[in-house]
Peer 1: 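I'd like to ask you about the structure that follows.
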Amino acid sequence: MTMSKFSLGVLSTVMLAISPALFAQVDAVIYGGTVLTVPGKSPLKEQTLILEDGKISAIHNGYRTLAQLKLTDVPVIDLKDSYVMPGLIDMHVHLTFERDPTANPHVWLTQYDADFALASVPYLEKTLNAGFTTVRDLGGSYKVIFPLKRAVNNQTIVGPRIFAAGDFISATGGHGDLHGYRHDVTELVTGGLGICDGADDCRRAVREVIKSGADVIKITATGGVLSNTAAGVKQQFTDQELEAIVSTAHNLGRKVTAHAHGTDGINAAIRAGVDSIEHGSYLDKESIRLFNKHQTYLVPTLLAGATVSEEALTNPNMPAAIVAKVKQVAPVMEQAFRTALKNNVNIAFGTDSGVSQHGQNAKEFALMVKYGMSPKDAIVSATLSAATLLGMQQQLGSLEVGKFADIIALKGDPEQDISELSRVSFVMKNAVIYKNEK
Ligand SMILES: [Zn+2]
């Protein structure tokens with residue numbers, strides 16, 4: 001043991017001493033006309049970025065030639081006419097489905113896991129093409145989402161970097177359980193691995209979901225709009241269950257995010273120590289105090305509210321129990337966002353895509369700006385803030401030395417016109433180019 005460690009140490013020192021350049025794997029050099037290296041700060045003009053082993057290894061002022069950089073045979077990417085910025089991060093997507101009011105409503109009972117996986121392949125591609133190089137998938141069968149994530153990592157299919165929750169942690173009959181069928185049918189097709197009741201059972205469920213591959217834990221702390229049950233949107237886990245879930249997840253190194261609409265459920269989840277709240281529709285003064293005290297993040301998902309509101313008006317087949325909740329919840333989401341913004345709550349960008357169409361994620365930016373957020377802050381929410389909530393702030397969220405080469409480019413300045421983010425012309429993830437439109 002001691003010997004081999006010693007020899008390895010000597011060997012690597014010698015190799016580095018001979019020539020560090022010999023081992024450098026320079027992937028590419030990028031010339032960026034305007035480069036937003038650190039969101040929240042001012043962009044820089046005429047920058048040269050060096051990419052090495054999938055990461056950013058250097059950033060220079062001005063355009064440096066390959067000769068000046070002492071490089072040969074390295075691809076040069078010319079983005080001199082573009083606005084270059086870090087890849088976008090969506091903290092709330094469901095890559096394994098997309099709502100289609102005209103589709104067979106019983107897909108959960110008629111399709112195999114492979115059907116869902118195959119249908120998801122284009123959703124992943126659309127998401128990456130839209131400039132979202134990283135996503136947090138908040139709920140989808142572990143039998144589908146983790147194989148998709150592996151296929152992306154193996155470069156078998158094209159998609160964003162995925163951090164996934166897998167099965168929801170939900171109470172029996174809760175928002176994450178299956179509704180709308182005979183009880184004996186739901187017995188056969190359950191809500192998944194994460195259905196639990198009582199603190200001990202919820203500890204088991206969290207361990208089970210992590211065992212299946214979860215990067216993050218998603219709990220349904222309150223009722224939800226799109227579950228076909230007239231159960232409202234109030235608290236669905238007891239305080240004891242919430243505490244058991246959060247402590248178990250944190251001890252196993254996983255963050256917890258809570259789907260929560262009703263005030264009681266939002267506040268109980270924050271008190272129990274969740275890292276973020278999804279939706280937060282009925283947040284009140286006490287919620288704001290708790291958000292700020294615990295530095296909890298809000299993921300507003302304004303696009304989901306806008307999408308289901310529109311569907312409630314146009315889809316005659318939407319179940320009555322769902323229509324009632326849409327009419328009740330969607331209008332208050334805007335006010336919740338404005339209140340959070342005014343009170344400096346940490347906000348991370350999230351769309352709930354899958355409720356809306358995949359690849360349309362950037363529409364959330366327009367809603368955030370419409371409801372009072374500055375374009376600069378909206379961009380921070382989808383880069384540095386999202387990276388921090390993922391626990392990946394050392395690797396993602398800005399263009400700095402040592403971070404992953406997840407880079408996008410636009411033809412216009414998104415701080416002048418936020419809709420520029422809907423027209424991403426260049427997408428790179430891990431120094432691999434996936435889109436490059438002239
Ligand atoms: Zn969701």
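Order of appearance sets the numbers: ligands from 1, and atoms from 1 within every ligand. Keep in mind that this is a model prediction, so the values were computed, not measured.
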Peer 1: Would you mind checking if D53 and K55 are paired as a salt bridge, meaning a charged N to carboxylate O distance below 4.0 Å?
Peer 2: no

Peer 1: Step by step, would you call E208 with R203 a salt bridge (charged side-chain N to carboxylate O under 4.0 Å, His left out)?
Peer 2: CA-CA 9 Å; E208 199 95 61; R203 282 194 192 92; over 6 Å; no

Peer 1: Look at the side chain of D115 and the backbone N and O of Y112, then say whether any donor-acceptor pair between them is shorter than 3.5 Å.
Peer 2: yes

Peer 1: Does a side-chain N-to-carboxylate-O contact under 4.0 Å join E437 and R423?
Peer 2: no

Peer 1: Counting N and O atoms only, with roles assigned by atom type, does the side chain of D167 sit under 3.5 Å from a partner on the main chain of Y142, one being a donor and the other an acceptor?
Peer 2: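 Looks like yes, one N/O pair under 3.5 Å.
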
Peer 1: Treating D90 as the side-chain partner and T134 as the backbone partner, does any N or O pair qualify as donor plus acceptor under 3.5 Å?
Peer 2: no

Peer 1: Are there any protein N/O/S atoms under 2.8 Å from the Zn ion (ligand 1), and if so, which?
Peer 2: H92 NE2, H94 NE2, D352 OD1

